[in-house]
Amino acid sequence: MKAEFLGHATWFVENQGTKILFDPWLKDEGNPQATKRAEEIEADYILVSHGHDDHAASTLKVARKNDATVIATFELANKFGAEGAKVHPMHVGGTYNFPFGRVRVTPAFHGSGVPGGHACGFIINLHGKVAYHAGDTSLFGDMKLLGELETIDVAFLPIGGNFTMDADDALQAARLLGARVVVPMHYGTFPIIPADPRDFKRRVESQTSSRVEIVTPGGVLEI
Ligand code: NI
Ligand code: MN
C-alpha cells in the first residue's frame with residue numbers, strides 16, 4: 001500500500017488499484033501544507049472524519065471530478081449528498097464491506113462540524129492492508145479495544161494538541177493501538193498546533209513496539 005501525505009490530515013492511500021482519499025483539504029481551499037490542488041487528485045472513495053474545513057473543504061471538488069463515493073457519518077454524508085456527491089453514509093461503530101475491503105467507523109471525541117453529527121475516525125482494510133486514520137480526537141481508552149479488534153499496519157495520529165491529542169497523548173495512543181507503524185499528522189500547520197515529530201518518534205520507539213515514520217507533505221510511505 002502506498003500512502004501519500006498531502007498535508008495536515010489529508011492522506012491519499014492506494015493499494016491494488018483502489019484509490020482512497022482521507023480528509024481532503026487541499027491547496028486552493030487554504031491548506032498551507034498542501035502539495036496538490038483538488039483537480040490533481042484521483043480518488044474512488046473519499047473518507048471524511050468530520051465537517052471542519054481543515055478536513056472537508058475540498059471534498060466536493062474531488063468527489064465531483066472523480067465521481068467518487070464520499071463515506072462519512074450520516075449527517076455529514078447527507079450534507080454532501082444534498083450538494084451533489086455520491087455518498088455512502090455510515091455511523092460510529094458501523095462496519096461495511098466495500099469491494100476493496102472493510103471500513104470500520106471508530107469513535108473520535110471532537111466536534112462534527114454539522115448539526116446533530118458526530119466526528120469519527122476510520123479503520124480501513126484496503127485489499128489486506130489495515131490503516132487507521134484517527135481524524136481529530138482526544139486520547140480515549142477504547143483505542144486499546146481497536147488494537148485488539150484490528151491488526152493495524154499503519155496509524156495516522158494527530159499530535160499537535162489544542163484541538164486534538166498532543167504528542168504525549170499520542171504516545172499513549174500508540175501504546176494502546178499496537179500499530180506496526182505510527183505516522184504523526186495534524187501539527188505545525190498553524191502556530192497553535194506545534195509539535196516535534198522527531199522527539200515523538202524517539203519516545204514512541206523507545207516505549208512501544210511501534211515504528212514511527214515521519215512523512216513531510218508530499219512524501220510517500222510504502223506499507
Ligand atoms: Ni476538527
Ligand atoms: Mn482538524
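Start at 1 and go down the list; that is how both ligands and their atoms are numbered.
Side chains of His127 and Glu14: a donor-acceptor N/O pair is absent below 3.5 angstrom, by distance only. At a cut-off of 3.5 Å, with distance as the only test, no side-chain donor of His118 or His50 sits close to an acceptor on the other residue.
For the Mn ion (ligand 2), the nearby protein N/O/S atoms, meaning those under 2.8 Å, are Asp54 OD2, His55 NE2, Asp136 OD2, His186 NE2. Around the Ni ion (ligand 1), the protein atoms of type N, O or S found under 2.8 Å away are His50 NE2, His52 ND1, His110 NE2, Asp136 OD2, listed by chain and number.
Electrostatic pairing of Asp153 and Arg180 counts as a salt bridge here, judged by a charged N lying under 4.0 Å from a carboxylate O. Remark: Lys2 does not engage Glu222 in a salt bridge, criterion side-chain N to carboxylate O under 4.0 Å. Remark: Asp44 does not engage Lys19 in a salt bridge, criterion side-chain N to carboxylate O under 4.0 Å.
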Check residues 79-88 and write down every donor-acceptor pair under 3.5 Å in which the side-chain atom is one partner and the other belongs to a residue at least two apart or another chain.
from	atom 1	to	atom 2	distance (Å)
Lys86	NZ	Asp67	O	3.1
Lys86	NZ	Asp67	OD2	3.4

Show every donor-acceptor pair shorter than 3.5 Å between a side-chain atom in residues 211-219 and any protein atom, with sequence neighbours excluded, or say none if there are none.
from	atom 1	to	atom 2	distance (Å)
Arg211	NE	Glu213	OE2	2.9
Arg211	NH2	Glu213	OE2	3.2

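Aromatic ring centres of His55 and His186 lie closer together than 6.0 Å.
With a 6.0 Å radius and a threshold of 12 heavy atoms from other residues, nucleotides or ligands, Phe74 has its CZ atom at or below the threshold.
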